[in-house]
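Have a look at the structure below, then the notes.
Along the sequence shown, the residues carry numbers beginning at 1.
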Amino acid sequence: MSENFALLGAGLAAALQPWNLLAAFAGCFLGTLVGMLPGLGPSAAIAILLPITMAMDPTSAIIMLAAIYYGCQYGDTITAVLFNTPGTGAAATTAVEGHQMARQGRAGTALAISAIASFFGGTVTIFALALVALPLTSLALRFGPPEFFALIVLSLVLVVTLGSNSILRGLIAAVLGLIIAMVGTDPVMGLPRLTFGQMHLLDGVAFIPAIIGLFGVGEILRNLENPKGSFEPVATSKLSLTRDDMRRSAPAIARGTALGFAIGIVPGLGTIPAAFMSYVTEKRLSRRREAFGTGVIEGVAGPESAANAAANGALLPLLTLGIPGSGVVAILMGSLMMNGIIPGPMMFTEHGDMVWTLIASLYVGNVILLVLNLPFIPMWVSILRIPYGILFPMILGFTVVGAYSLANSRFDIGLMAVFGLIGWAMRKLDIPLVPIIMTMVLGPLMEGGLRRSLEMSQGDFTILLTRPIAATFLGLAVAVLVVPPLLGLLRRRRQPVETGSGA
């Protein structure tokens with residue numbers, strides 16, 4: 001343990017070198033700016049800037065790309081809170097409560113707690129990376145296809161049951177998301193399914209145009225029904241955190257950090273399930289569940305800390321196993337390989353200086369991000385004072401650019417428009433958006449895990465029950481799905497008896 005801290009200290013000294021410090025600052029600044037544009041998330045930003053880093057020293061290049069990664073996440077939080085136009089699934093979770101806080105004149109509070117929660121989650125997980133890298137890696141190695149499938153099932157059940165006020169409406173949204181996730185080419189047979197002859201759908205429904213449409217365009221259409229404005233108390237919005245805000249947020253931040261890191265180290269899951277799981281956990285543990293969806297601060301603090309913790313945790317399988325923990329980390333892996341560095345078990349011995357410098361730079365970047373963004377929160381909040389007639393066309397223009405820029409495809413703009421109508425209709429029908437996004441992301445992973453599990457067992461479904469970890473996850477999923485309705489049924493049966501005896 002002491003050796004690890006010594007190596008981390010040496011990495012911190014290297015990360016504070018002028019060129020590396022400048023790379024971290026540039027990455028945080030550019031990442032925040034790009035993250036504020038709907039649709040241009042970390043993947044797009046890193047992909048666009050990757051050629052620039054080829055002329056840099058490999059260590060400075062990977063530091064800058066990593067800084068862009070978490071800088072984009074906070075920039076995306078800004079637009080998610082202010083305009084309800086998240087560019088990633090993790091920010092979509094923050095938007096559920098954060099945007100409602102903005103509508104109540106508490107946008108500054110939402111952005112401040114987001115920055116603090118992200119900083120805490122990132123800082124704690126950086127030390128966790130240094131302390132428990134190898135033990136956690138051995139645990140992740142025990143996750144085969146059955147365990148992946150069972151964990152995803154548990155995540156979806158939690159979202160459906162705890163992420164919405166109505167289980168039926170949650171199931172409707174989840175099924176719709178699974179149907180959308182099935183669009184594309186069958187991964188085993190190689191045949192198109194649900195594409196309706198559209199070549200653009202052979203690779204599936206593009207996630208970014210879909211999420212921009214559901215949240216961004218859908219929100220614009222909803223607000224157009226109330227042209228008087230939905231940000232009425234903005235003039236009183238201040239950068240302030242009360243003692244009660246911190247008291248309610250602190251446990252959520254701690255839980256989100258632990259949950260996010262545990263989910264992040266599992267390859268393939270990433271920040272989206274971590275944020276969603278944190279949100280539904282906070283809702284389940286809260287004494288005022290009915291208030292969720294109206295601007296509850298712990299619904300912002302938990303997911304933000306979980307997302308940043310998961311982002312750092314996703315680096316663990318990359319550095320120790322050579323397996324990217326998420327799509328963005330896969331791009332980081334590509335940048336390492338372009339510099340002749342092969343991630344994996346030998347990386348700590350062959351390129352140990354770079355690894356520890358990268359881990360230390362995550363802390364430096366989090367400090368830069370906190371110092372860089374907290375003073376600018378009043379400026380971000382002041383954007384809400386722009387008249388609707390100017391603000392909404394600007395937002396719509398950014399969403400169109402964001403949807404088009406990913407693949408330079410007009411089809412994606414049409415896709416965004418269609419999902420905008422779906423998002424508007426779901427709001428009108430009071431159907432939650434979180435389950436549909438969750439299933440769109442995890443649906444392909446769930447299908448892949450199930451198919452690989454059946455290939456391992458030659459079609460025997462009992463493999464899901466004979467492996468302890470998978471069976472535990474599935475048992476928890478059944479309990480979460482069945483126990484609450486049974487308890488509700490028992491309460492309804494007891495009420496007439498108690499009423500009769502009282503009479």
(message) Distance check, rounded to the nearest 0.5 Å: Thr59 atom OG1 versus Met354 atom CE?
(response) 3.5 Å

(message) Return the CE to CD1 distance between Met246 and Ile253, rounded to the nearest 0.5 Å.
(response) 5.5 Å

(request) Output all residues satisfying ring pair (Phe, Tyr, Trp, His ring centres under 6.0 Å) with Phe411, sequence neighbours left out; order by chain, then residue number. (result) His200

(request) Name all pairs fulfilling the salt bridge (charged side-chain N to carboxylate O under 4.0 Å, His left out) condition that reach into residues 114-125, sequence neighbours left out, sorted by first residue then second. (result) none

(request) Any salt bridge (charged side-chain N to carboxylate O under 4.0 Å, His left out) involving residues 295-317? Give me the pairs, sequence neighbours left out, ordered by first then second residue. (result) Arg248-Glu298, Arg288-Glu298

(request) Quick one: list whatever passes side chain to side chain contact (heavy atoms under 4.5 Å, CB included) with Thr439, sequence neighbours left out. (result) Leu156, Ala174, Leu178

(request) Determine whether Leu259 and Met277 make a side-chain contact, defined as any pair of heavy atoms from C-beta on separated by less than 4.5 Å. (result) yes

(request) Quick one: pull up CZ in Phe261 and CD1 in Ile126 and give me the separation to the nearest 0.5 Å. (result) 10.5 Å

(message) Using the salt bridge (Lys or Arg N to Asp or Glu O under 4.0 Å) criterion, which residues pair with Arg243? Sequence neighbours excluded.
(response) none

(request) Search all heavy atoms of Gly122 against all heavy atoms of Asn312 and return the closest pair with its distance. (result) O-ND2, 3.1 Å

(message) Applying side chain to side chain donor-acceptor pair (under 3.5 Å) to Ser60 and Asn20, what does each step give before you reach the verdict?
(response) CA-CA 5 Å; Ser60 298; Asn20 291 335; 2.6 Å; yes

(message) Test: salt bridge (charged side-chain N to carboxylate O under 4.0 Å, His left out). Region: residues 252-261. Which pairs qualify, not counting sequence neighbours?
(response) Arg255-Glu282

(request) Any chance you could measure Ser278, atom OG, to Lys283, atom NZ, to the nearest 0.5 Å? (result) 13.5 Å

(message) Can you give me the closest heavy-atom contact between Leu415 and Ala206, atom names plus distance?
(response) CD2-N, 3.8 Å

